[in-house]
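Some notes on the structure that comes next.
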2 protein chains.
Amino acid sequence: MASDRPPRPATQSDVAREVGVSRTLVSFAFRGAPGVSDETKQAIFAAAKRLGYRPNAVAADLARKHRSAVGLYLLDIRNEIYADILSGVRTALSQEPNRLILSVSRSVDGEDRGAVESLIEARVGIIIAATLLDPDEAVHEMAASVPLVSVTRPVAGVDSVYSDDSFGARAAVEHLLTLGHTRIAHLAGPAHDGHVVRRRSYEQAMRRAGLVPQTLCADDFTQESGHRAAARLLGQADRPTAIFCHNDQLALGTREAAYAMGLSIPRDLSLIGYDNSRTAGLHGIDLTSVDLHAARLGEAAGQIALERLRNPEAPAADRRFTPRLVVRSSTARPA
Amino acid sequence: MASDRPPRPATQSDVAREVGVSRTLVSFAFRGAPGVSDETKQAIFAAAKRLGYRPNAVAADLARKHRSAVGLYLLDIRNEIYADILSGVRTALSQEPNRLILSVSRSVDGEDRGAVESLIEARVGIIIAATLLDPDEAVHEMAASVPLVSVTRPVAGVDSVYSDDSFGARAAVEHLLTLGHTRIAHLAGPAHDGHVVRRRSYEQAMRRAGLVPQTLCADDFTQESGHRAAARLLGQADRPTAIFCHNDQLALGTREAAYAMGLSIPRDLSLIGYDNSRTAGLHGIDLTSVDLHAARLGEAAGQIALERLRNPEAPAADRRFTPRLVVRSSTARPA
DNA sequence: TTGAAAGCGCTAACAC
DNA sequence: GTGTTAGCGCTTTCAA
C-alpha cells in the first residue's frame with residue numbers, strides 16, 4: 001500500500017537523533033565496527049527498527065574509499081553453466097562481506113559492452129565476466145578501467161579461469177573417430193575472439209585423421225539457432241553422420257532438427273554437445289557432452305577476485321581446468 | 001594489467017577542468033540534458049575519452065532525488081520461467097531509462113529476505129519480485145519499505161501479476177480424469193503462503209470427481225527434490241497411475257525416478273508438469289505441461305512498475321492471466 | 001567510548 | 001549557454 005509509506009526513508013541521522021547519539025555511532029553499530037558499547041548498540045538497533053531505518057548501500061558505497069563489491073557478468077541466463085558459475089562464485093564469496101552485483105547480457109549473439117559498462121559505472125571493485133565475447137583489445141580496455149577476471153576464456157595479461165577447450169573438443173572428436181565416423185561436422189557459434197578454440201581443435205583433430213573438417217557457424221548460442229543451422233547441415237546430399245556442437249543448447253536444437261527430418265539418434269546421427277547440462281543427462285535425451293565443471297570455474301574465479309582485490313599488483317592468474325567427456329547414448333558407430 | 005591503471009578514476013571535475021568548463025556542463029552533456037552547445041559537448045566527450053572518465057552511477061543515484069531504478073528479484077535462476085520473466089521485464093523497460101538491478105535468491109527452498117533486502121538497500125525505486133515465498137505479512141512489510149510488484153503470486157493490496165493457478169491445475173487434473181485416471185497424485189513444493197493454489201485446486205478437482213487426493217510435498221522446487229519425493233511416491237504398493245507436479249523441474253525429477261524404477265511413461269505413469277519450459281517440449285521428453293506465459297507476466301510487471309513509479313497513490317494493480325494446458329505424450333489412458 | 005567535520009562524485013535548483 | 005552552490009546519506013580520520 002502506497003499510502004502508509006513514509007515520504008522520506010529514515011537515515012542514520014534520524015536514528016542518531018532518536019537515540020541521542022552521533023551518526024558515527026550508528027554507522028559503527030550497523031557495520032559491527034568495534035568501539036560501541038552494548039547498551040548503545042541495543043538502543044540504536046531498537047530505534048532503527050522503530051523508525052524503519054535501512055542502511056543506504058548507495059551512500060555507503062560512495063563514502064567508502066575502498067571498492068569491495070564484486071560485479072558478475074553472465075552471458076546467457078538460459079544456459080545452465082552460468083547458473084553453475086554463479087553458484088561457484090557465491091560459494092567463494094560466502095565467507096566474505098563483499099556485495100555481489102549481477103549483470104546479465106541482453107544479447108545472446110555477441111558482445112555486450114553495455115552490461116559490463118553498467119558494472120563499471122556501479123563502481124564495483126572487480127568484475128568477474130563469464131563469458132566475454134568481445135575482441136581482445138576491448139577486453140584489455142575494460143580491464144584498464146577495473147580489475148577483471150575472465151571466466152571460460154583465457155585472455156593474456158588478464159586474470160583467467162577456464163577449461164581446456166582444446167582438450168575437450170579433441171576428446172569429443174576422437175570419440176567419434178574411434179566409433180568409426182568420418183563425416184563429422186562441427187556446429188560452432190559465431191566466431192568471436194577467444195571462442196574459436198573448440199573449433200580449431202576440432203579442425204586439427206580432423207586433419208590429423210586425414211579427414212576434411214566441415215564447420216558451420218550458428219547465429220548465436222541458442223537452441224533455436226542450433227535448430228536452424230542444423231537443418232541446413234542435415235539437408236545436404238552427403239550429410240554428416242556425426243555432429244559435434246559448441247554447446248548443449250546448439251546440440252539440443254540439432255537434435256530437434258534431426259527428429260523433424262525423420263532422422264534417429266544415434267542410428268542416423270551421432271551427436272555431442274558441450275557443457276554437460278542437466279538436460280543432457282535426462283532419460284530420453286542422453287546426450288554425450290563435455291563437462292567443463294562450471295561451478296568449479298566459478299568458485300576459482302571468486303577466489304581469484306578476492307585475491308586480486310587484496311593484491312592489485314600480483315601477476316595475472318591463469319587457471320586452467322581439464323574437462324571431461326561424458327559418453328551417453330547419443331553417440332554410436334555409424335550405420 | 002593492474003599496473004597501468006590510474007590510481008583514482010577520473011571524475012566529472014577532472015573532465016570539466018580539462019575542458020575548462022564547469023562540472024554542471026559535463027553532467028548535462030553526459031545525461032543528454034538540453035542546454036549544452038554542440039561544440040562544448042564535443043569537447044567534453046573528447047576530454048572524457050582522453051581521461052578515461054566513466055560516469056559514477058553510485059554518486060548519481062545518491063544525488064538524484066527521484067529513485068527510478070527497478071530491482072528485479074528472481075527466485076531460481078535454473079528455472080526457465082525466471083529467465084522469461086527477466087526478458088519480459090526488459091522488454092517493458094526497454095524504452096525507459098530506468099536501470100535494472102538484479103537479485104537472485106540463494107536458497108531454492110524458501111524465503112530469502114536477504115535478496116530482497118539488498119535491493120531495498122540499493123535504494124531501488126521499486127521492486128519486481130518473482131517469486132516471493134515469504135508469508136503474507138512479510139510481503140506487506142517489504143512493500144511498506146518500497147513499492148513492490150509481486151509476480152506469479154497475488155498478494156492483497158500489493159501490485160500483483162500472476163497466472164490463474166487454480167484454472168491451470170484444474171485443467172491438468174481434468175485432462176487426467178478424462179483419460180480415465182483415478183489414482184492421481186500431486187507433487188507439490190514446500191507449502192508457502194500463496195503457493196498452495198495449485199494444490200488446493202487439484203484437491204478440489206479430485207474431490208469433485210469423488211476421488212481421494214494424495215499430495216506429497218517436495219523439499220524444494222528442484223529436479224533433485226522431485227526425484228527423491230517421486231521415488232517415495234512410486235515405491236508405494238498402490239502407486240498412482242498419474243502424477244501432476246507443481247512445476248516442470250519436479251516433473252523431470254519424477255520422470256527420472258520413474259525410469260530408474262523401470263516404469264515407462266506414459267504406459268505406466270502419466271505425468272504433467274507446470275511452466276511449459278523449453279525442455280518439456282524436447283523430442284523424447286514430450287512433457288504435458290501448463291504454460292503460464294512467463295514472458296508476458298514479466299512484461300506486464302514491468303509496465304505496472306513504471307506506472308507505479310509515476311503514480312504512487314494508484315490502487316494496487318491485479319493482473320491475472322489465463323494459463324494453457326499443452327498436451328504432449330507424457331499423458332495417456334491408464335494401462 | 002564518543003563526537004565533529006571533511007569529504008565521496010554527482011544532481012538540480014537557481015542565478016548570471 | 002554557462003556557472004554557483006547546496007546537498008544526497010554515509011564513512012572515516014582525528015580529537016575529545
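Residue numbering restarts at 1 for every chain, and letters A, B, ... go by the order of the sequence lines.
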> So, is A:Thr40 close to the C:dT2 phosphate, meaning a side-chain N or O under 4.0 Å from OP1 or OP2?
Replying inline: yes
> Using a cut-off of 4.0 Å between protein heavy atoms and nucleotide atoms, how would you tag nucleotides 11-16 of chain C 5' to 3' with B, S and -?
Replying inline: BBB---
> What integer distance in Å separates B:Arg123:CZ from D:dC8:C1'?
Replying inline: 11 Å
> Using the C1' atoms of the five pairs at each end, what is the angle between the end axes of the helix from C:dT1-D:dA16 to C:dC16-D:dG1, to 10°?
Replying inline: 30°
> Does B:Asp159 have any side chain to side chain donor-acceptor pair (under 3.5 Å) partners at least two apart in sequence or in another chain, and if so, which?
Replying inline: B:Arg308
> Think B:Ser37 has a side-chain N or O under 4.0 angstrom from the OP1 or OP2 of D:dT2?
Replying inline: yes
> Quick one: side chain to side chain donor-acceptor pair (under 3.5 Å) partners of B:Thr24, sequence neighbours excluded?
Replying inline: none
> Between A:Arg153 and A:Asp136, does at least one N-O distance fall below 4.0 Å, as a salt bridge requires?
Replying inline: yes
>> Tell me the closest heavy-atom pair linking B:Arg64 and B:Arg67, and the distance in Å.
In response: O-NH2, 2.6 Å
>> Is there a side-chain contact between A:Thr11 and the phosphate of D:dG9, meaning an N or O under 4.0 Å from OP1 or OP2?
In response: no
> If you look at every heavy atom in B:Phe30 and B:Pro55, which pair is closest and at what distance?
Replying inline: CD2-CG, 4.1 Å
>> Pick the closest DNA chain D nucleotide for B:Val21 and for B:Arg67 by heavy atoms, then say which residue is nearer the 5' end.
In response: B:Val21
>> Rounding to an integer number of Å, can you tell me how far B:Leu62 CG sits from C:dC10 C1'?
In response: 8 Å
For residues 93-100 of chain B, tabulate all N or O donor-acceptor pairs below 3.5 Å that involve a side-chain atom, not counting sequence neighbours.
unit_1: B:Ser94; atom_1: OG; unit_2: B:Thr91; atom_2: O; d: 2.7
unit_1: B:Asn98; atom_1: ND2; unit_2: B:Ser68; atom_2: O; d: 2.8
unit_1: B:Arg99; atom_1: NH2; unit_2: B:Asp61; atom_2: OD2; d: 3.0

> Separation of A:Ile44 atom CD1 from C:dT2 atom C1', in whole Å?
Replying inline: 10 Å
> Quick one: A:Asn56 CG to D:dC8 P, roughly how many Å, whole number?
Replying inline: 12 Å
> How long is the line joining CG of A:Leu25 and C1' of D:dT12, in whole Å?
Replying inline: 13 Å
> Charged N to carboxylate O under 4.0 angstrom, B:Glu117 versus A:Arg54?
Replying inline: yes
> Per the side-chain contact (heavy atoms from CB on, under 4.5 Å) rule, which among B:Val19, B:Leu25, B:Val26 passes with B:Ser22?
Replying inline: B:Leu25
>> Taking side chain to side chain donor-acceptor pair (under 3.5 Å) as the definition, give me every residue that meets it alongside A:Arg319, ordered by chain and number, with sequence neighbours left out.
In response: none
